There are 2 protein chains.
Amino acid sequence: MENQDLRNTGLKVTVPRLKMLECLGKAQDRHLTAEAIYRQLLEAGEEIGLATVYRALTQFEAAGLVTRHHFEGGQAVFELERGPHHDHIVCIHCGRVEEFYDEAIEKRQRAIAKKLGFILRDHTLTMYGECSRPNCQGQNDES
Amino acid sequence: MENQDLRNTGLKVTVPRLKMLECLGKAQDRHLTAEAIYRQLLEAGEEIGLATVYRALTQFEAAGLVTRHHFEGGQAVFELERGPHHDHIVCIHCGRVEEFYDEAIEKRQRAIAKKLGFILRDHTLTMYGECSRPNCQGQNDES
DNA sequence: ACGTTAATGAGAATGATTCTCATTCTATTT
DNA sequence: AAATAGAATGAGAATCATTCTCATTAACGT
Ligand SMILES: [Mn+2]
Ligand SMILES: [Mn+2]
Ligand SMILES: [Zn+2]
Ligand SMILES: [Zn+2]
């Protein structure tokens, strides 16, 4: 379980960290902001500080347990690192996030980086659009 | 010139706005932070406030004169909107930015969005890597 | 040149994230 | 199991980019 994941990183196994991983693991929405995690733990009766959440997330990221994404709109979102790399499409109305992986795109990226003389280390591909939910399609933008 | 661009947006033609467009237009590096623009204008002896720079950039963006990018690292960068859409690759060592456009990638994105039931409105693709400059390749990361 | 109205700049305010530091835990050693 | 050393925690201050407020100034149709 999470217990082992933590131990392997060299980080100490503490209640706040375990609860955070648990929270990230069982969330319906796999992509959570630091505050969302913080609030959920508070509501679950845990005693935790927002500083701890941010600090731990950064450590998890460094350890490869978690990935940080900067979608539009201020807050970063974090997701538990399961399975392989993927990219995202985000609904500009409801915030829904879907994941995808496309080998053709990945391949083209490698080719382009090489052609430009770069050693590719990372990339970020995020699409934004209107998802298929009833209130999301064909909205007029003015909020 | 910039004069006309501004008039077309409905924005008034003012000294700060003209200077900003001029600055964005003649910069060797096409991708500038708000502060970079602010500093350059100050150094050129212009009297301008940082608030004005941010405000005008947001207006330029809304008018389609300028594009805002959120690369890694806090500050947004802005670039004058010439030519057609393109994506970016950024050197993680020296910050150099190269641009590219790949129809195959664009096409796959449209197909993926459709398959997932999204109406695609926008996207962001940024690669990060080590560029070909002497001090950028094969660096050890610890800063 | 005048008047209306938008634009400006200084500084305060905001929001996300990080830092500081005194206190509390973990894990390891007696 | 008690003792220890060092890491982790939480509250609140601090930071950083960006936006807001508001009194003053500038743009431009008349
Ligand atoms: Mn994901
Ligand atoms: Mn560009
Ligand atoms: Zn939606
Ligand atoms: Zn470089």
Side-chain angles (χ1 to χ4, degrees), chain A residues 2-21 23 31-63 65-78 95 143, chain B residues 2-21 23 31-63 65-78 95 143:
Chain A
E2 291 93 358
N3 213 298
Q4 214 35 245
D5 296 334
L6 267 181
R7 234 176 271 284
N8 294 334
T9 65
L11 296 172
K12 290 192 174 173
V13 179
T14 67
V15 176
R17 284 174 182 160
L18 284 173
K19 294 296 178 187
M20 286 179 61
L21 289 176
C23 180
H31 308 86
L32 300 176
T33 64
E35 285 231 27
I37 296 169
Y38 172 63
R39 270 187 286 100
Q40 284 181 37
L41 292 182
L42 279 191
E43 283 167 18
E46 298 300 325
E47 179 182 294
I48 195 168
L50 184 54
T52 301
V53 173
Y54 272 107
R55 191 168 32 212
L57 284 170
T58 299
Q59 293 163 325
F60 292 169
E61 184 190 23
L65 283 182
V66 147
T67 306
R68 181 194 309 249
H69 303 291
H70 295 280
F71 299 156
E72 297 278 305
Q75 274 138 298
V77 300
F78 300 83
S143 79
Chain B
E2 292 93 0
N3 213 299
Q4 213 36 246
D5 296 334
L6 266 181
R7 234 176 272 285
N8 294 334
T9 66
L11 296 172
K12 288 191 176 173
V13 179
T14 68
V15 175
R17 284 174 183 161
L18 284 174
K19 294 295 178 188
M20 284 179 61
L21 289 176
C23 179
H31 308 86
L32 300 176
T33 65
E35 285 230 27
I37 296 170
Y38 173 62
R39 267 186 287 101
Q40 283 182 38
L41 292 182
L42 279 191
E43 282 166 20
E46 299 300 325
E47 180 183 292
I48 194 167
L50 184 54
T52 301
V53 174
Y54 272 108
R55 192 167 32 214
L57 284 171
T58 299
Q59 294 163 325
F60 292 169
E61 185 190 22
L65 283 183
V66 147
T67 306
R68 181 194 308 248
H69 302 291
H70 295 281
F71 299 156
E72 296 279 305
Q75 274 137 298
V77 301
F78 300 82
S143 81

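Here is the naming used below: chain letters follow the sequence lines, and residue numbers restart at 1 for every chain. Computation of the quantities below employed the complete heavy-atom set of this structure, encompassing side-chain atoms and omitting hydrogens, waters and symmetry-equivalent molecules. The structure displayed is predicted, hence computed values, not measured ones.
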Protein-nucleotide distance ([X], atom [atom1]; [N], atom [atom2]), rounded to Å:
{"X": "B:Gln59", "N": "D:dT18", "atom1": "CD", "atom2": "C1'", "value": "14 Å"}
{"X": "B:Gln75", "N": "D:dT15", "atom1": "CD", "atom2": "P", "value": "17 Å"}
{"X": "B:Leu11", "N": "C:dT8", "atom1": "CG", "atom2": "C1'", "value": "14 Å"}
{"X": "B:Ile48", "N": "C:dA7", "atom1": "CD1", "atom2": "P", "value": "14 Å"}
{"X": "A:Leu42", "N": "D:dA11", "atom1": "CG", "atom2": "P", "value": "9 Å"}
{"X": "B:Met20", "N": "C:dT8", "atom1": "CE", "atom2": "P", "value": "9 Å"}
{"X": "A:Tyr38", "N": "C:dT18", "atom1": "OH", "atom2": "C1'", "value": "15 Å"}
{"X": "B:Leu57", "N": "D:dT19", "atom1": "CG", "atom2": "C1'", "value": "13 Å"}

- Side-chain (B:Arg17) to main-chain (B:Lys12) donor-acceptor, under 3.5 angstrom: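 Between the backbone of B:Lys12 and the side chain of B:Arg17 there is a qualifying donor-acceptor contact (under 3.5 Å).
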Would you mind telling me which of [options] lies closest to the side-chain atoms of [X]?
{"X": "B:Tyr54", "options": "D:dA8, C:dA6, D:dT18", "value": "D:dT18"}
{"X": "A:Arg17", "options": "D:dT9, C:dT18, C:dC19", "value": "D:dT9"}
{"X": "A:Ala51", "options": "C:dC19, D:dT18, C:dA7", "value": "C:dC19"}
{"X": "A:Val15", "options": "C:dT26, D:dG10, C:dT17", "value": "C:dT26"}

- Message: Quick check: on DNA chain D, is the nucleotide nearest B:Val13 upstream (toward 5') of the one nearest B:Leu50, or the reverse? Name the residue that is more 5'.
- Response: B:Leu50
- Assign each of B:Arg7 and B:Arg55 the nucleotide of DNA chain D bearing its closest heavy atom; nearer the 5' end lies the nucleotide of B:Arg55
When all nucleic acid strands are considered with a 4.0 Å heavy-atom cut-off, which category describes [X]: base, sugar-phosphate, or nothing?
{"X": "B:Ala56", "result": "nothing"}
{"X": "B:Thr52", "result": "base"}
{"X": "B:Ala34", "result": "nothing"}

Where [X] and [Y] come nearest, the two heavy atoms and their spacing:
{"X": "A:Ala34", "Y": "A:Val53", "value": "O-CG1, 3.6 Å"}
{"X": "A:Phe78", "Y": "A:Thr33", "value": "CD1-C, 4.5 Å"}
{"X": "B:Leu21", "Y": "B:Leu6", "value": "CD1-CG, 3.8 Å"}

- Item | C:dT8 OP1/OP2 closer than 4.0 Å to side-chain N/O of B:Thr14 |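 Answer yes for this pair, as a side-chain N or O of B:Thr14 is under 4.0 Å from OP1 or OP2.
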- Message: If only side-chain N and O atoms count, and only distance matters, is there a donor-acceptor pair under 3.5 Å linking A:Thr52 with A:Arg55?
- Response: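 A:Thr52 and A:Arg55 do have a side-chain donor-acceptor pair below 3.5 Å.
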- Residue whose nearest DNA chain C nucleotide is more 5′ - B:Glu47 or B:Lys12: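 First, find each residue's nearest nucleotide; the 5'-ward one identifies B:Lys12.
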